[in-house]
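Computed from a prediction, not measured in an experiment: that's the story for all the values here.
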Amino acid sequence: MADELTSTKLNAESHLILDQPLLRLPHELARRNFKTVQRSIEREKEYVLPALKEAANASLSNNHTPDQTLAALDAMISRMQSLKRKMEGLHEEEKQIQTQSRKRIQHLETLHKIPSLADVKYDQWSRVRLDRLLVDHMLRSGYSESARQLAKERDIEDLVDLGVFTQCQRVVSSLRHGESKEALQWCGENKAALKKSQHNLEFELRLQQYIEMVRTQEQSKKIEAILHAKKYLVPNHESQNNEVMRAAGMLVFTQDTRAEPYKSLFSPERWKYLSDLFIQTHHELLSLPSQPLLHIALSAGLSALKTPLCHSAYTSSSSNSQSTSTSVCPICSTELNELARKMPYAHHSKSYVEGDPIVLPNGRVYSKARLIQISKNIGAVESGKVRDPTTGEVFHEADMKKVYIM
């Protein structure tokens, strides 16, 4: 009885390991919002205070006419009004982030109030989490509209990151269509944070712009490419010296060259590389896991079920029409077999083998009495023979060998 209570007791802390991004992303968004506010105020402060001092001094010394003084004041007022509108927009964004954070904390706090895994409230909480994982998976796969509809239907819009992933997919889509404008705009908005990134996304995008100019083989475009390289590529020669040298060498090659590395640089596949690089940089910047949370959750569950026989040469009941087994091993299923292949085996401290185990010629182990009973129930085998309920193979009872558990 004590063991049963221990096994059904809910450990909230272990559950929350998977849900760290739920709170981490709003924190990153709030921090980025604060930095944007700070930079905007500092920039306007650096302009307005000197301009105000200059206008006041000019007015006192009669160097400006009243109209010039009023024009200077109007310009400052206009800039401050623009700043006010921007601050209002950022304030609304901050309020939305705070609302999301509050609802996410409440969602996680509910878990600490559930005493047991057998409680019906845990089933409800798990259903919400499953919906979140499905939305996350669809967003990462590019099915933004389906994800939005599911989130709306389940009323979990504040528990998922629709806006962040929608923006990410929009930039990824533009890169895969051979356009770098949106990605460069995103780099500009996150310039300060990108300085700490291990990925050189902006440099790679500028290099791609250079490649597209050289690709045309027009003399005017080559001159433009050289100017572009001097402005954006050469300043990075210390950290990207090899890439800068290769870019210079591209001027004497055409896009149909077979010489490496120029063939790879001219290849359209570079756009796919850039889109993948953007995803990595984007997720790193916002502390998002590189894999879908659904895959992480499935991997944890699969590793708890996996045994050495799960990847044997014999087909599972999910893919074998001759199988008479009603239970399907998730590891052996065609849908999850590949995902589970790299997972570690489960650690089982207890054995639940029945008392009369035998092994068939194909290596599968069953209870002798149960196997004979299943074969009789099927009624499709001759007397003295048994059918493997998983593979459908028929064997003589004499071929069965007794198994001794050590």
Side-chain angles (χ1 to χ4, degrees), residues 1-27 98-140 147 150-162 287-289 291-310 316-318 325-333 335-337 339-340 342-355 367 370:
M1 187 67 178
D3 289 341
E4 184 179 350
L5 290 173
T6 303
S7 63
T8 60
K9 185 178 179 181
L10 191 150
N11 186 345
E13 298 302 325
S14 63
H15 280 65
L16 296 181
I17 293 175
L18 183 64
D19 294 303
Q20 291 181 19
L22 195 65
L23 296 180
R24 189 177 295 166
L25 180 61
H27 172 74
Q98 290 175 349
T99 301
Q100 283 186 341
S101 297
R102 182 168 58 254
K103 291 189 176 181
R104 294 180 183 202
I105 291 171
Q106 290 171 352
H107 169 65
L108 297 178
E109 190 177 20
T110 303
L111 187 64
H112 288 81
K113 298 178 181 178
I114 302 173
S116 168
L117 294 170
D119 197 309
V120 67
K121 292 181 180 179
Y122 178 71
D123 290 340
Q124 296 171 352
W125 190 89
S126 297
R127 170 56 61 181
V128 173
R129 180 168 69 171
L130 177 59
D131 290 335
R132 288 197 295 106
L133 298 183
L134 290 173
V135 170
D136 175 81
H137 181 67
M138 287 191 286
L139 286 170
R140 290 171 182 266
L150 177 60
K152 185 176 181 180
E153 181 181 335
R154 302 295 189 184
D155 194 25
I156 56 171
E157 291 171 293
D158 286 321
L159 301 181
V160 293
D161 309 304
L162 293 169
S287 299
L288 290 169
Q291 296 182 17
L293 293 175
L294 183 62
H295 286 189
I296 298 174
L298 283 173
S299 298
L302 292 174
S303 64
L305 298 173
K306 183 178 175 182
T307 66
L309 288 177
C310 289
S316 67
S317 57
S318 63
S325 175
T326 56
S327 62
V328 179
C329 170
I331 314 297
C332 298
S333 68
E335 295 83 4
L336 299 175
N337 187 269
L339 180 62
K342 296 182 180 180
M343 293 295 105
Y345 294 121
H347 173 68
H348 297 287
S349 58
K350 294 182 180 180
S351 174
Y352 297 96
V353 178
E354 295 187 58
S367 164
R370 188 183 297 275

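- The line from CG of L22 to NE2 of H27 is 14.5 Å long, rounded to the nearest 0.5 Å.
- Rounding to the nearest 0.5 Å gives a distance of 11.5 Å between CD1 of I17 and CD1 of I296.
- In this structure, the separation between OG on S287 and CG on L25 is 8.0 Å, given to the nearest 0.5 Å.
- When all heavy atoms are compared, the tightest approach of P21 to P26 is O-CD, 4.2 Å.
- To the nearest 0.5 angstrom, Y122 atom OH is 5.5 Å from R129 atom CZ.
- W125 places a side-chain N or O within donor-acceptor distance of the main-chain N or O of H107, the cut-off being under 3.5 Å.
- Screening L293, L150, L139 against L134 for a side chain to side chain contact (heavy atoms under 4.5 Å, CB included) leaves a single residue, L150.
- Nearest approach of L18 to A297, heavy atoms of both residues: CD2-CB, 3.7 Å.
- Taking the ring-ring contact (aromatic ring centres under 6.0 Å, His included) definition, one finds that H137 meets it with H295, sequence neighbours left out.
- R24 CZ: more than 12 foreign heavy atoms inside a 6.0 Å radius.
- If you take NZ on K121 and OG on S116, they are separated by 12.5 Å, rounding to the nearest 0.5 Å.
- Considering only heavy atoms from C-beta on, L294 stays 4.5 Å or farther from R140 through its side chain.
- From E13, atom CD reaches atom CG of L111 across 9.0 Å, with rounding to the nearest 0.5 Å.
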Let me have the donor-acceptor pairs involving side chains of residues 154-162, under 3.5 Å, with sequence neighbours excluded, atom names and distances please.
{"from": "D158", "atom 1": "OD2", "to": "K103", "atom 2": "NZ", "distance (Å)": "2.9"}
{"from": "D161", "atom 1": "OD1", "to": "R104", "atom 2": "NH1", "distance (Å)": "3.1"}
{"from": "D161", "atom 1": "OD1", "to": "R104", "atom 2": "NH2", "distance (Å)": "2.7"}

- Does the pair L133 and M138 meet the rule for a side chain to side chain contact (heavy atoms under 4.5 Å, CB included), with working shown? CA-CA 9 Å; L133 298 183; M138 287 191 286; over 6 Å; no
